[in-house]
Participant: 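Below is a structure I'd like to ask you about.
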Amino acid sequence: MDFLDPLLLARWQFGLTTLYHFIFVPLTLGMSLFVAIFQTIWYRTGNVKWLHLTRFFGKIFLINFAMGIVTGIVQEFQFGMNWSSYSRFVGDVFGAPLAFEGLMAFFFEATFIGLWIFGWNKLPKGVHLATIWITVVGTWLSAYFILAANAFMQNPKGYQMSASGHRAEMADFGAVLTNPVALTQFPHTISAALMFSAGVVIAAAAWHLSRGRNLETMRPALKFGLWGMIIGFVAVFLSGDQLGLVMVETQPMKMAAAEALFNSACGADASFSIFSIGTPDGTGEIWSLRVPYALAFLSTHDFTGCVEGINDLNHLYATQMFPQFADQVDGNFAPILWVTYWSFRWMMGFGILATAIAAAGLWVTRKSAKRPVAGWMWKLAIWQAPLALFGILVGWIFTEMGRQPWIVFGLMLTQDGVSPNVPGWTVLISLVAFTLVYLSLAIVEFGLIFKTVREGPAPLPDPGAPDPSDLSVEETPSTVY
């Protein structure tokens, strides 16, 4: 392996910076909704504890939002620096949803989050509440436009080839935005973000409750987090089912690689493997533990359905669909199987584990529980926080690695998208520099969040204090920005 190979280094750099950026994205998407809900409850009830929760988790949201912006900017530069051939090929199509993300969605986010931050006690309560809800809409719109751009890489729609045949051009922007992959990937992404945000709420509440602090505010926060995790998982499961059907239709090789299914199978033979061992050359199976009919149903919603295998798809791609690319990939259009196989299972495993902990948490904290929550249970509730995030990250590894060897499915190979005149040593230097800078930023980010969690919301007023509903927001003791 050539460790100064520009393609290898460019892929590592983009993959690492993308995953690092996506550490912050789901918390922004999910936490904005939690903050909006908490503020809505305060607006409707006048109960000051919901104001405390709004500002407490709002501070976590703002810290994370700022870091997400900083890390996201780097993504744009890499298209021109390391992937100029790809940018020239797909820029006419890819640029449109990215422009909408910046000009419209980010405009909503930046404008209304500023109004929300500085509008306390300056805007009418109803108007101020609207600003956080518009911020939620802005963050979700931003996610959709990014997913629409990514969906074009998975399933090209709404384009036509230029007269020279060297560039994809926009033909139907509506088709780009309504790509079936984007329509199913969006609810799946938002639901997973809600799970991670719920995990952070659970961990913060559990940290205080285990120490007997801020009981009146953290008990309802814990319940919100536990139910949010379970509701998010149900939504992830349902949206993931639909996304799987679309994946089978648009990228059958990805599903075959996720299952390490070498030969096409139907009915009972189209089974889902819990564990599998393959041959060293990756062309066959030695042993596996399987659930009959499961893969057939997941792929087709029919227990007697058929699923295409890797070997059959390779033959189809090389001889009929993409013969012009066959020599470049030596006739093998399959991704790295161990990556897709295990990332698919880790994605599900992390989500199931996080949800199981939340369900157990609801049981041990129910009103009729006769035993106090044990110390180790509180620790488990605290340390479960990153489980959903791990599931999200390996899910994106599966999504992007499962598309290989394509950078745009059926149109351009990844090896053809890298910048032709960028030497490997320059990519290596920037990779090392980004890693060191990002490590420093991560220390600052997580340090600020941990500090915020430890400080917690301000204590509730004493019983003899004035009614908080009669005070202005500035007079109400609470966490400030």
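If you're wondering where the values come from, they're calculated on a predicted model, not measured in any experiment.
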Participant: Does Arg345 make a cation-pi contact with Tyr341, if we ask for NZ or CZ under 6.0 Å from the ring centre and within 45° of the axis?
Facilitator: yes

Participant: Going by heavy atoms in the side chains, are Gln328 and Gln415 under 4.5 Å from each other?
Facilitator: yes

Participant: Would you mind reporting whether Phe56 and Met218 have side-chain heavy atoms less than 4.5 Å apart?
Facilitator: yes

Participant: Could you point out which residue of Thr135, Asn64, Thr139 forms a side chain to side chain donor-acceptor pair (under 3.5 Å) with Thr28?
Facilitator: Asn64

Participant: Using the six-membered ring wherever Trp is involved, compare the ring planes of Phe344 and Phe398 and label them parallel, tilted or perpendicular (cut-offs 30° and 60°).
Facilitator: tilted

Participant: When you compare the side chains of Trp116 and Gln39, does any donor N or O come within less than 3.5 Å of an acceptor on the partner?
Facilitator: yes

Participant: Any side-chain heavy-atom pair from Ile336 and Trp338 closer than 4.5 angstrom?
Facilitator: yes

Participant: How about Thr250 and Gln154: does a side-chain donor come under 3.5 Å of a side-chain acceptor?
Facilitator: no

Participant: Side chains of Gln160 and Asp172: is there a donor and an acceptor less than 3.5 Å apart?
Facilitator: no

Participant: Does some side-chain heavy atom of His166 sit less than 4.5 Å from a side-chain heavy atom of Phe89?
Facilitator: no

Participant: Taking everything shown except Trp12 itself, do over 12 heavy atoms lie less than 6.0 Å from its CH2?
Facilitator: no

Participant: Taking the side chain as every heavy atom from C-beta outward, state whether Phe173 and Leu177 have any atom pair closer than 4.5 Å.
Facilitator: yes

Participant: Are any non-hydrogen side-chain atoms of Pro420 and Ser85 less than 4.5 angstrom apart?
Facilitator: yes

Participant: Quick one: do the Asn332 and Asn314 side chains pair a donor with an acceptor below 3.5 Å?
Facilitator: yes

Participant: Check whether Ser239 reaches the backbone of Val236 with its side chain - one donor and one acceptor, N or O, closer than 3.5 Å.
Facilitator: yes

Participant: With no hydrogens and no angle check, is any side-chain donor or acceptor of Thr18 less than 3.5 Å from a backbone partner on Phe14?
Facilitator: yes

Participant: Please verify the inter-ring angle class for Phe224 with Trp50; under 30° counts as parallel, over 60° as perpendicular, anything in between as tilted.
Facilitator: perpendicular

Participant: Could you tell me if Gln242 and Gln185 have a donor-acceptor pair between their side chains, going purely by distance under 3.5 Å?
Facilitator: no

Participant: Please examine the side chains of Arg11 and Met401, heavy atoms only from C-beta on, and report whether any two atoms are closer than 4.5 Å.
Facilitator: yes

Participant: Could you label the plane-to-plane angle of the Phe65 and Phe61 rings as parallel, tilted or perpendicular, counting under 30° as parallel and over 60° as perpendicular?
Facilitator: tilted

Participant: Report, as yes or no, whether the 6.0 Å neighbourhood of atom CZ on Phe322 holds more than 12 heavy atoms from other residues, nucleotides or ligands.
Facilitator: yes

Participant: Output the distance between atom NZ (Lys254) and atom CG (Leu313), rounded to the nearest 0.5 Å.
Facilitator: 13.5 Å

Participant: Sub-3.5 Å donor-acceptor pair from the side chain of Ser419 to the main-chain atoms of Trp83, do we have one?
Facilitator: yes

Participant: With a 6.0 Å cut-off (strictly less than), is the heavy-atom count around CD of Glu249, excluding the residue itself, greater than 12?
Facilitator: no

Participant: Near Phe446 CZ, under 6.0 Å, is it more than 12 heavy atoms from other residues, nucleotides or ligands?
Facilitator: yes

Participant: Is any side-chain heavy atom of Phe233 less than 4.5 Å from a side-chain heavy atom of Met195?
Facilitator: yes

Participant: Heavy-atom count around Tyr293 OH within 6.0 Å, excluding the residue itself: above 12?
Facilitator: no

Participant: Hey, what's the ring geometry for His301 with Phe297, parallel, tilted or perpendicular (30° and 60° as the breaks)?
Facilitator: parallel

Participant: Starting from the C-alpha separation in whole Å, work towards a yes-or-no answer on ring-ring contact (aromatic ring centres under 6.0 Å, His included) for Tyr317 and Phe333.
Facilitator: CA-CA 7 Å; Tyr317 287 2; Phe333 291 87; 5.6 Å; yes

